[in-house]
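The first residue of the sequence shown is numbered 1, and numbering continues consecutively from there. What you see is a predicted model, and the numbers here were worked out from it, not measured in a lab. FYI, side chains are in, hydrogens and waters are out, and symmetry mates aren't considered; it's all heavy atoms of this structure.
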Amino acid sequence: MELYYVSTRDNKKKFTASQAILQGLAEDGGLFVPTSVPKLDVNLSDLANMTYQQVAYEVMKLLITDFTEEELKNCINRAYDSKFDTEEIAPLVYADGAYYLELFHGATIAFKDMALSILPHLMITSARKNNIKNDIVILTATSGDTGKAALAGFADVEGTKIVVFYPKNGVSAIQEKQMVTQKGDNTHVVGIKGNFDQAQTGVKMMFNDRELATELDNAGYQFSSANSINIGRLVPQIVYYVYAYSRLLAEEKIAEGDKINVVVPTGNFGNILAAFYAKTMGVPIAKLICASNENKVLYDFFETGCYDRNREFILTNSPSMDILISSNLERLIYHIAGDDAAKNADLMKALATAGKYNITPDMKAKLVDFYGNYTSEAETADTIKALYDKTGYVIDTHTAVAAGVYKKYVASTSDETPTVIASTASPFKFTRAVMGAIDASLSNEEDFVLVDKLSSIGNVAIPQAIEDIRSAEVRHNTVVEVDEMCAEVKRFLGM
C-alpha cells in the first residue's frame with residue numbers, strides 16, 4: 001500500500017516519499033509527516049535474527065513505498081558498509097544498569113552518520129524518480145554534528161552541492177576541525193557570527209524565499225535539506241530503535257513483548273521523535289525520556305505545556321543540544337493536535353511572532369509517555385566521571401546528559417524497566433570536556449594530547465575520523481554575518 005506525506009501546516013496536498021525527500025521542507029514552512037504510521041509487518045522475534053541492513057529494509061519499506069525493493073536495498077547496502085568501524089553498525093554496550101546504543105561508529109563518529117550515510121542515496125534515487133534535471137543544493141545549519149556528517153555523505157556526489165552553516169564559536173574544536181578540513185569541490189562550509197538558532201532560521205528563510213527559488217531554477221539549481229527536518233533523515237533514525245529492541249531479544253535480555261524505556265539526549269527533537277515513531281510502529285517502548293542540557297526549553301515544555309524560546313541561550317559542553325527552537329517538535333505537536341494542520345499552523349505562527357505557544361490540556365494528556373528532565377554542566381561532568389570510575393566506560397557529554405537524566409528518572413520513579421540510552425557521539429569528539437570531567441588537571445592540555453590520553457585510559461582505539469584531521473589542511477575559512485548568509489550561498493553557486 002502506498003504511503004503519502006503531507007505538511008504539518010496544510011495537509012490537503014499529498015506527496016510521495018521521494019517528493020518529500022527532495023523538497024525537504026514543505027513550501028508552507030511545515031514539515032512532512034506520513035498520512036498514517038504503519039505497523040511493522042514482521043514479528044519482533046524474526047527481527048532478532050536479522051542484520052542491521054535487513055532490519056533497516058523491514059522498517060524503511062513501510063515508510064518509503066515508492067522505491068522498489070531493489071532501489072531501497074541498494075541505498076541501504078551502500079550506506080551501511082565498511083565506512084562503519086563495527087560490523088554491527090550500532091552495538092549495544094551494558095554499563096551500570098543501562099544499555100548504551102552506540103550510534104557513533106560511522107565516518108564522522110556521531111549519530112548523524114546513521115541517517116546521513118543513506119540520505120545522499122535516497123536523494124539521488126528520488127531525483128531520478130522525479131526526472132529532476134537541476135543540481136540539488138543541500139542547504140544545512142548545524143549545531144556541530146549534522147554538518148560534518150552531511151558533508152561526508154554528499155562530498156563529490158554527482159549532481160549535488162552542499163553548503164553548511166555553523167555558529168563560529170558554538171561547536172567543539174574537533175567538530176570545527178572536522179568541517180573546515182572537508183574535501184570535495186562541491187562542498188562549502190561557512191561560520192556565522194551568531195548561534196545555531198540564527199543559522200537555522202537563516203536557512204529556513206532561504207527555503208521559503210520564492211524569488212530565490214526562481215533565481216536558483218534559472219541557474220539550474222534547487223534547494224533541499226540534510227537537516228533532521230527532512231524525512232529522508234528521520235526514517236533511517238527509526239531503524240536503530242527497532243534494531244536495539246531486536247538485539248535485546250537476540251541476547252535474551254528481554255522476552256518478546258517486554259517493554260523497554262528509551263533515553264535520548266535531544267535539542268532539535270528529531271532523534272527522540274524517531275523513537276516515538278518506532279513505538280507507534282509497534283516496538284514495545286514504555287517511556288520516552290527526553291534529556292536536555294541547561295538549554296532546557298523541552299524540559300519546561302513537558303512540565304508546563306508551554307513552549308517558550310524567550311530565554312538566555314547558553315553555550316554548554318554538549319553543543320549539539322544548544323538549541324532553543326526544536327524544529328522536529330512540530331511533528332509531534334501536529335500529531336497530538338489530532339493531525340490538525342490548522343491548529344498546528346496557529347501554534348507555529350505564535351512561536352514565530354511571540355516566541356512561545358501553549359498546548360491544550362487535551363494535547364498535554366497525549367504526552368503521558370514522555371518524561372523530560374535536564375542536567376546542569378556540573379551534573380553532566382559528574383556523570384562522566386562516576387561512570388568511568390565505576391565501570392571504565394567513557395561516554396561523551398551528550399550521552400552523559402542522557403545518563404544523568406536517566407538517574408534522575410529512576411530516583412523519582414523506581415522504574416526498573418530495561419533501558420536503552422542513545423549514545424549519540426564518540427567521546428573523542430569532545431575530548432576536552434570529557435577528559436576535564438575525568439581529571440580536572442588535564443584542562444590545559446592540547447586537544448590531540450587529550451585524544452591520546454583518552455585512548456589510553458578508556459582502552460579504546462582512536463577513531464580514524466580523528467586521526468584523519470590531526471594534520472589535515474584547513475580548506476574552508478569563510479565567516480559571515482547572519483544577514484550575509486543568502487549572499488554567500490549565491491557567491492558559492494556563481495549566481
Would Phe84 and His105 count as a ring-ring contact (aromatic ring centres under 6.0 Å, His included) if you check the C-alpha gap in whole Å, the side-chain angles of each, and the deciding distance to 0.1 Å? CA-CA 5 Å; Phe84 286 82; His105 288 279; 8.4 Å; no
Find the distance between SG (Cys290) and CZ (Phe370) and round it off to the nearest 0.5 Å. 7.5 Å
Tightest non-hydrogen contact, residues Phe428 and Val451, listed as CE2-O, 3.5 Å
Which residue pairs pass the ring pair (Phe, Tyr, Trp, His ring centres under 6.0 Å) test when at least one of the two sits in residues 241-269, sequence neighbours left out? Tyr52-Tyr243
Testing the 3.5 Å rule here: is there a donor-acceptor pair between the side chains of Ser327 and Gln200? yes
Atom pair CG/OG1 of Leu40 and Thr280 - distance to nearest 0.5 Å: 10.5 Å
May I ask you to check whether Lys429 and Gln178 show a side-chain donor-acceptor distance below 3.5 Å? yes
Side chains of Tyr80 and Asp113: do they bring a donor and an acceptor to under 3.5 Å? no
So, Phe111 versus His398, ring centres under 6.0 angstrom or not? no
Pairs where residues 116-160 contributes a residue and the test ring pair (Phe, Tyr, Trp, His ring centres under 6.0 Å) is met, not counting sequence neighbours: none
Would you confirm whether Asn195, through its side chain, and Gln198, through its main-chain N or O, come within 3.5 Å as a donor-acceptor pair? yes
Ring pair (Phe, Tyr, Trp, His ring centres under 6.0 Å) against Tyr221, all qualifying residues, sequence neighbours excluded: none
Using a strict threshold of under 4.0 Å (side-chain N to carboxylate O), is an ion pair present between Asp369 and Lys279? yes
Looking at Thr397, Asn293, Thr380, which one forms a side chain to side chain donor-acceptor pair (under 3.5 Å) with Ser318? Asn293
Those residues at least two apart in sequence (or on a different chain) that pass side-chain hydrogen bond (donor to acceptor under 3.5 Å, both in side chains) with Ser225 are none
What class does the angle between the rings of Tyr406 and Tyr409 fall in, given that below 30° is parallel, 30 to 60° is tilted and above 60° is perpendicular? parallel
Establish, for the pair Lys73 and Tyr57, whether the NZ or CZ atom is under 6.0 angstrom from the six-membered ring centre and no further than 45 degrees off its axis. yes
When you check the side-chain N and O atoms of Asp468 and Gln464, is any donor under 3.5 Å from an acceptor? yes
Is it true that Phe15 and Phe32 have ring centroids separated by less than 6.0 Å? yes
Nearest 0.5 Å, what's the CG-CG distance between Leu22 and Leu122? 10.0 Å
Heavy-atom closest contact (Val401 atom, Ser292 atom, distance): CG1-O, 3.2 Å
Checking Lys453, Lys177, Arg432 against Asp447 for salt bridge (Lys or Arg N to Asp or Glu O under 4.0 Å), the one that qualifies is Arg432
With Asn131 via side chain to side chain contact (heavy atoms under 4.5 Å, CB included) - residues at least two apart: Lys133
Which atoms form the tightest heavy-atom contact between Asp452 and Arg470, and what is the distance? OD1-NH2, 2.6 Å
Taking the basic N atoms (NZ, or NE/NH1/NH2) and the acidic carboxylate oxygens, is any pair closer than 4.0 Å for Glu473 and Lys183? no
Under the side-chain hydrogen bond (donor to acceptor under 3.5 Å, both in side chains) rule, what do Glu102 and Ser423 come out as? Steps first, then yes or no, please. CA-CA 5 Å; Glu102 293 188 343; Ser423 185; 5.7 Å; no
Between Thr65 (side chain) and Leu3 (backbone), is there a donor-acceptor pair under 3.5 Å? yes
With the threshold set at 4.0 Å, does a side-chain nitrogen-carboxylate oxygen contact exist between Lys61 and Asp41? yes
Can you sort out the partners of Ser143 under side chain to side chain contact (heavy atoms under 4.5 Å, CB included), two or more places apart, ordered by chain and number? Phe196, Ser320, Ile323
